[in-house]
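A quick note: this is a predicted structure, and the numbers were derived from the prediction, not measured. Just follow the structure's listing: the first ligand is 1, and inside any ligand the first atom is 1. Every heavy atom of this structure was used, including side-chain atoms; hydrogens, water molecules and symmetry mates were not.
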Amino acid sequence: MFSIWMLIKALHILGGTFWLGGAAMIAAFLLPAAKKTGPSAGVFMGHLMRDLKLPLAMNLASWTTLLMGTLLYWRITGGFKQWSLHWPGGIGLLIGVISGVIAFLWGTFIQAPNAQKLGALLVQMQQSPSPELGAKVQAMQKKIYLGAWVGVLFLVLSLIGMTLLH
Ligand code: HEM
């Protein structure tokens, strides 16, 4: 029979799938392609970020996963009271939750501000290019590329942990 929890779980899994899939696509394909194509990548990335609102879609997916996941966790622990630390289910779930929260905090407080800084540097670079500015852009790009893989790593850990539950 249908219950609201089925919908919550479906939204949680859909959000998580979009979040991890999107993060992996960005880290493995979009960012390396942008790096290889140099200045011409700016127009493509600008369209993707501003007009197609990729950051908004990723934020929606991560917030949905986190909020629905918190409700599921509240339910499964009887209102955050009955913690199970049995291997693999309980421990897997806990590892999954911790990794998911780290991925969320990483994306929100490290990656997003760095992406904004890069955007500002690129605008400066168009207005008054200089070798120092070019070096700053490259350093920031490197940080963002590495950071993207850190996020993917925590999301993969989260997914593996979650699936140990059943
Ligand atoms: C961020 C914090 C997260 C919390 C608090 C959380 C919480 C939960 C909970 C409590 C369940 C068990 C639901 C049940 O069986 O009733 C669950 C299942 C699941 N979660 Fe998460 N989750 C989080 C992040 C993620 C992420 C990032 C992903 C994917 C990348 C994900 C994918 C899944 C999947 C696939 C299941 C189903 C596992 C199964 O039934 O075998 N979760 N989650």
Tell me whether the rings of Trp63 and Phe104 are parallel (<30°), tilted (30 to 60°) or perpendicular (>60°). perpendicular

With a cut-off of 6.0 Å (strictly less than), are more than 12 heavy atoms of other residues, nucleotides or ligands near CH2 of Trp74? no

Within the 4.0 Å heavy-atom shell around Thr70, which atoms of ligand 1 are there? 5 (C)

Flag side-chain contact, heavy atom, 4.5 Å: Leu31 against Met45: yes

Only heavy atoms of Leu165, strictly under 4.0 Å: list the atoms of ligand 1 that pass. 12 (C), 15 (O)

I'd like to check Ile76 versus Leu93 (side-chain heavy atoms, cut-off strictly below 4.5 Å). Are they in contact? yes

Shared hydrophobic cluster, Met25 / Leu159 (ILVMFWY, side-chain heavy atoms < 4.5 Å): no

Is there side-chain contact between Trp106 and Phe154, with heavy atoms separated by less than 4.5 Å? no

Atom 13 (C) of ligand 1: of Ile160, Thr65, Leu72, the nearest heavy atom sits on Leu72

Which ligand 1 atoms does Leu155 reach within 4.0 Å, using its non-hydrogen atoms? 27 (C), 30 (C)

Among all the protein's non-hydrogen atoms, which is closest to atom 14 (C) of ligand 1, and how far away is it? Lys9 NZ, 3.7 Å

Just go through Gly69, Gly89, Ala23, Gly92 and tell me whose heavy atom is the nearest to atom 7 (C) of ligand 1. Gly69

Among protein heavy atoms, which lies nearest atom 11 (C) of ligand 1, and at what distance? Leu93 CD1, 3.9 Å

Atoms of ligand 1 less than 4.0 Å from Tyr73 heavy atoms? 10 (C)

Using a strict 4.0 Å cut-off to heavy atoms of Val97, name the atoms of ligand 1 that fall inside it. 4 (C), 5 (C)

Angular separation of His12 NE2 and Met162 SD about atom 21 (Fe) of ligand 1, given to 10°: 170°

Counting backbone and side chain alike, does Ser158 bring an N/O/S atom below 2.8 Å of atom 21 (Fe) of ligand 1? no

Donor-acceptor pair, side chain of Thr108 and main chain of Leu105, under 3.5 angstrom: no

Would you mind checking which non-hydrogen protein atom is closest to atom 30 (C) of ligand 1, with the distance to 0.1 Å? Gly16 O, 3.7 Å

Can you tell me the protein heavy atom closest to atom 34 (C) of ligand 1 and the distance? Ile13 CG1, 3.7 Å

Out of curiosity, is Trp19 lining ligand 1, as in a heavy atom under 4.0 Å away? yes

Give me the residue, atom name and distance of the protein heavy atom closest to atom 2 (C) of ligand 1. Leu66 CD1, 3.8 Å

Does Thr77 have a non-hydrogen atom less than 4.0 Å from ligand 1? no

State, with a plain yes or no, whether a side-chain heavy atom of Ile26 is found less than 4.5 Å away from one of Leu54. yes

Around atom 39 (C) of ligand 1, find the nearest protein heavy atom and jot down its residue, atom name and distance. His166 ND1, 3.3 Å

Leu60 versus Phe18: any side-chain heavy-atom pair under 4.5 Å? no

Between Met162 and His12, is there a side-chain heavy-atom distance shorter than 4.5 Å? yes

Which protein heavy atom lies closest to atom 16 (O) of ligand 1, and at what distance to 0.1 Å? Ile76 CD1, 4.0 Å

Over all heavy atoms of both residues, which pair between Ile110 and Pro113 is shortest? Give the atoms and the distance, please. O-CD, 3.4 Å

